[in-house]
**Student:** 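Please read through the structure below; I'll follow up with questions.
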Amino acid sequence: MVRFNYMSNFQIIKRLYTNYTKKYLKNILISVFFSVLLAGSTSSIAYLLDPAINELFIKQSNTLVYIIPAFIVLAFALKGMSLYFAKIIMINVAEEVRRDIQTDMFSSLIHADTQLIDKEHSGKFITNLSNDVNMITGLLSTAILNLFKDSLTLIGLLTVMFYQNWKLSLIAIIMIPLASFAAKSLGKRISKVSTQQMQRAAILTSYLIEIFKNHKLMKIFQKEKYEKTRANEFIHNLKELNKKINIVYVRASPIMEFLTGIMIAILIFISAKLVVKNELEVNNFFSFLAAMMLAYQPVRSLATLNITVQQGIAGARRVLPIIDKEHEIKEKNDAKDLSISEGQITFENVKFKYLKDNNEILNSINLNIPAGQMTALVGHSGAGKSTILNLIPRFYDVGSGDIKIDNQSIYDAKIYSLREKISLVSQDTTLFDDTIKNNILYANSDASDEEIYNAAKYSFADEFINQLPNKFDTLIGENGVRLSGGEKQRISIARAILKKTPIILLDEATSSLDADTESKIQEAINFLTKGRTTIVIAHRLSTILNSDKIYVINQGKVVGEGKHDELLSSSDIYKNFYEKQIKRS
Ligand code: ADP
C-alpha cells in the first residue's frame, strides 16, 4: 500500500494509461480529430467577422451578403457537431474504463485475504468502487477531452488573433496568464478538500450500512434520536465540505470576469490608439476581439484542468492499491492437489495471531483429528475455537507450525483443491437474493435436479420448501420469502450435503430451536457427517456426548483431550463447562 504514496503523479497517470486507456487509443484519436474540427470551426467564426465587416459593412458587397452568413451558420453547425462527437466518444471511453477498473477492483476484492476484508469497513470499499472510480473516469474523460479540445481551440484562436494584429496579440498573451493564475491557484485547494470529502463520504456510507444492518438493535435501545444526531453530524460535515469545494470553484468566476474586463478595456484602449495611427483596421479589431473572447473559455478550462487531474490522481491512489494488493494467502509455485484418502487432520504446534493485534490467539496448538469421525471443540467463548476452524480452509494462515491433512501440509496444496474438500456449516447462514434452488446449488452448480431434491430431503429442508408458493423456485433473501433460523440452517446443511466433501467444519448454532426442528437438524447433521471427518464447535450437550473425541480449548491452548468420561475426571475446565451445559439444558 505504502508504495503508492511514493508513486509520483506522473507514474500514476502512466499506469492508468498503460492499464486502462491505451486500448482505447483509437477512439481517443477520433475524439482528438473532432477536437481539431472544433478548433477549426471556432476559429473560423472569429475569423469570419473580418470579411463580414470588411465586405458587408465597409465595401457593402452584394454577392457576399449571402455567402458570409451561410459560412457562419456552417461554422456554428460544425462547431456543435464536432463538440458533440468529441464528447460522446470520450464519454464512451470513460464508461469502458470505469467498467474495466471496477471489474479489476471486484476481482481483487473477491480474492482478497479475509484479514483485509476483516480490517476495513465494507463502506470504504463501496466508496472506492463508486466515488473514487468516478474521479478516475473524470480524469480520463473530462481531462483528456478538455486538454485536446481547449488547447487546440486556443491555438486556432491565437492564430486568428496573430493574423489580425500581432501587437495586440502579444499584449493579450502577456495578460492571459494573469487571468488564469487565479483559477490555477485554486486547484490545489480543491484537491485537498475533495480528498477530505471522499473520506467523509466513505464514513457516511459505512455508517449507513451499519444502521440498516442493526436497525432492530437501534430500535430496541431507542437510539433513534442519538443516531439522528450522529447522522446529522456526518451529513453536516459533508455539506460543509461540498459547500467549500463549490465555493472554491465558483470563486474563480468573479475574479476571472474582473480580470477579463480589465484586459479587454486595456486592449480597447490600445486598439483605439492603433486605429488612430492607422496601424489597425476596424474589421481586424473585431475579428481579433471575437477570437480573444472566444479564447476565454478554453483558457479558463485549461487553467482548472489541474483540479480534475488532481482529483483523478487522488482517486487512483486509493483504488490502485486495492487492485494491486498482493495476497498474503498464496499457494506455492509447486503446489500439488490435495489428495484425501482417510481425512485425518493434524495441527502441529500451531501459533496464530490476527494482524490487528499482537496477542497470540492460538499458542502451540496440537490436534489430532481422527479421520471419518466427529471431533468436538469445547471451551468458553473467545477461547479460539472459530479461529482453529478458520485456519483449515486457509481463511487465515498460521504464524508458525503446520496443519496437515493425511500427512500433507495444507500449505503445499493448491488452495482450490483444499477448499474443494471442505464444507463449512456455520451458525449464521447467509442466503442470497435468489431462489431456494439456486441457493442450494451455490454449493455445486453442476448438481442435477435429483441431487438437489435429495440434498433437501436429507437435510429435512424439503418439508418447508414444499409448502412455499413456488417450492424450489421461491425467491428468498432480502427481496423474497424470509426463512426462519432453523430453515436457514437446513438450507445450509443441504448445501453441504450437495458438496459431498470428506471434511466438514461445523459451527453449531447457539440459538435454541423448538424440539422438533432441533431433532430434525440433528438428524440432518448426522446424515451429513456420517463417515466424514467432522470438527464441530459444540454448544449442545447432545453433540458433545455424541462426539468421538473432544478437545477442550482455553485461552488459545489445548487444556484437555479425550472422551467425555475421561475428561470429566481429568479436566476441571471441562467439568465446569459440562456442569454449566447441564444447567442450561
Ligand atoms: P471462539 O470461537 O472460541 O469463541 P474465536 O476464535 O472467535 O473464539 O476468538 C478468539 C480470539 O480471537 C478472541 O479474543 C477474539 O476477540 C479474537 N478474534 C476473533 N476473530 C478476530 C478477527 N477477525 N480479528 C481480530 N481478532 C479476532
**Student:** Tyr442 vs Phe432 aromatic rings, parallel, tilted or perpendicular, using cut-offs 30° and 60°?
**Tutor:** tilted

**Student:** For Thr103 and Arg99, indicate whether the former's side chain and the latter's backbone hold a donor-acceptor pair under 3.5 Å.
**Tutor:** yes

**Student:** Heavy-atom distance under 4.5 Å between the side chains of Ile264 and Leu289, does that happen here?
**Tutor:** yes

**Student:** Looking at every heavy atom in both Tyr20 and Val97, which two are closest together, and how far apart are they?
**Tutor:** O-CG2, 3.5 Å

**Student:** Less than 3.5 Å apart, any donor N or O on the side chain of Ser417 or Glu420 sitting next to an acceptor on the other?
**Tutor:** no

**Student:** Would the distance check show the side chain of Ser287 and the main-chain N or O of Asn283 forming a donor-acceptor pair, the cut-off being under 3.5 Å?
**Tutor:** no

**Student:** Side-chain contact test, heavy atoms from C-beta onward, threshold under 4.5 Å: evaluate it for Met90 versus Ile28 and give yes or no.
**Tutor:** yes

**Student:** Would you say the side chain of Leu431 lies within less than 4.5 Å of the side chain of Lys488, judging by non-hydrogen atoms?
**Tutor:** yes

**Student:** Please confirm whether the backbone N or O of Asn242 pairs with a side-chain atom of Asn246, one donor and one acceptor, at under 3.5 Å?
**Tutor:** yes

**Student:** Between Thr21 and Leu16 (side chain of the first, backbone of the second, donor and acceptor by atom type, cut-off under 3.5 Å), is there such a pair?
**Tutor:** yes

**Student:** Verify the neighbour count for atom OH of Tyr416: are there more than 12 heavy atoms of other residues, nucleotides or ligands below 6.0 Å?
**Tutor:** no

**Student:** Please report the closest heavy-atom contact between Phe162 and Ser169, naming both atoms and the distance.
**Tutor:** N-OG, 3.2 Å

**Student:** Keeping the roles fixed (side chain from Ser151, backbone from Leu147), state whether a donor-acceptor pair exists under 3.5 Å.
**Tutor:** yes

**Student:** Heavy atoms only: give me the nearest Val319-Val133 pair and the separation to one decimal.
**Tutor:** CG2-CG2, 4.2 Å

**Student:** Tell me, yes or no, whether the heavy-atom count around Tyr411 atom OH, taken from other residues, nucleotides or ligands under 6.0 Å, exceeds 12.
**Tutor:** yes

**Student:** Are side-chain heavy atoms of Ile323 and Ile101 found at a separation under 4.5 Å?
**Tutor:** yes

**Student:** Surrounding NZ of Lys14 (heavy atoms of other residues, nucleotides or ligands, distance under 6.0 Å), is the total greater than 12?
**Tutor:** no

**Student:** Are there more than 12 heavy atoms of other residues, nucleotides or ligands under 6.0 Å from atom CZ of Phe286?
**Tutor:** no

**Student:** Rounded to the nearest 0.5 Å, what separates atom CG in Asn27 from atom CG in Asn92?
**Tutor:** 8.0 Å

**Student:** Please give me the minimum heavy-atom distance between Ala94 and Ser141, naming the atom from each residue.
**Tutor:** CB-CB, 3.4 Å

**Student:** Which heavy atom in Ser41 sits nearest to a heavy atom in Ala75, and how many Å separate them?
**Tutor:** CB-O, 3.4 Å

**Student:** Would the Phe85 and Phe33 ring centres measure less than 6.0 Å apart?
**Tutor:** no

**Student:** Distance check, rounded to the nearest 0.5 Å: Ile136 atom CD1 versus Ile313 atom CD1?
**Tutor:** 10.5 Å

**Student:** Out of curiosity, Glu95 CD to Arg98 CZ, how far, rounded to the nearest 0.5 Å?
**Tutor:** 4.0 Å

**Student:** Taking Asp113 for the side chain and Ile329 for the main chain, is one N or O donor matched with an acceptor at less than 3.5 Å?
**Tutor:** yes

**Student:** Taking the side chain as every heavy atom from C-beta outward, state whether Val309 and Ile13 have any atom pair closer than 4.5 Å.
**Tutor:** yes

**Student:** Distance from Tyr354 atom OH to Asn359 atom CG, nearest 0.5 Å?
**Tutor:** 12.0 Å

**Student:** Is the shortest side-chain heavy-atom distance between Ile171 and Leu267 below 4.5 Å?
**Tutor:** yes

**Student:** Between Ser44 (side chain) and Tyr47 (backbone), is there a donor-acceptor pair under 3.5 Å?
**Tutor:** no

**Student:** Walk me through whether Leu238 and Phe234 qualify under side-chain contact (heavy atoms from CB on, under 4.5 Å).
**Tutor:** CA-CA 6 Å; Leu238 210 54; Phe234 290 137; over 6 Å; no

**Student:** Please step through side-chain contact (heavy atoms from CB on, under 4.5 Å) for the pair Asp50 and Asn284, ending with a clear verdict.
**Tutor:** CA-CA 6 Å; Asp50 168 6; Asn284 297 123; 3.7 Å; yes

**Student:** What residue among Lys223, Arg230, Lys225 forms side chain to side chain donor-acceptor pair (under 3.5 Å) with Glu227?
**Tutor:** Arg230

**Student:** The test is side-chain contact (heavy atoms from CB on, under 4.5 Å); show your working for Leu158 and Ile173 and say whether it passes.
**Tutor:** CA-CA 9 Å; Leu158 281 174; Ile173 281 190; 4.0 Å; yes

**Student:** Could you grab the distance from atom CG of Leu49 to atom CD1 of Ile72, nearest 0.5 Å is fine?
**Tutor:** 6.0 Å

**Student:** Can you measure from NZ (Lys79) to OG1 (Thr153) and round to the nearest 0.5 angstrom?
**Tutor:** 8.5 Å

**Student:** Where do Pro298 and Leu294 come nearest, in terms of heavy atoms and distance?
**Tutor:** CD-O, 3.0 Å

**Student:** Could you walk me through whether Lys437 and Asp473 pass side-chain contact (heavy atoms from CB on, under 4.5 Å), step by step?
**Tutor:** CA-CA 6 Å; Lys437 188 170 159 184; Asp473 294 320; 4.2 Å; yes

**Student:** For residues Glu328 and Gln115, determine if any side-chain heavy atom of one lies less than 4.5 Å from a side-chain heavy atom of the other.
**Tutor:** no

**Student:** Using modelled atom types only, decide if a donor and an acceptor are shared between the side chain of Arg419 and the backbone of Arg394 within a distance under 3.5 Å.
**Tutor:** yes

**Student:** Taking Thr42 for the side chain and Leu38 for the main chain, is one N or O donor matched with an acceptor at less than 3.5 Å?
**Tutor:** yes

**Student:** With a cut-off of 6.0 Å (strictly less than), are more than 12 heavy atoms of other residues, nucleotides or ligands near CZ of Phe71?
**Tutor:** no

**Student:** Atom CE of residue position Met293 - does it have more than 12 heavy atoms of other residues, nucleotides or ligands inside 6.0 Å?
**Tutor:** no

**Student:** So, does Ser301 use its side chain to make a donor-acceptor pair with the main chain of Gln297 at under 3.5 Å?
**Tutor:** no

**Student:** Surrounding NZ of Lys87 (heavy atoms of other residues, nucleotides or ligands, distance under 6.0 Å), is the total greater than 12?
**Tutor:** no

**Student:** Taking the side chain as every heavy atom from C-beta outward, state whether Ile53 and Phe285 have any pair of such atoms under 4.5 Å apart.
**Tutor:** no

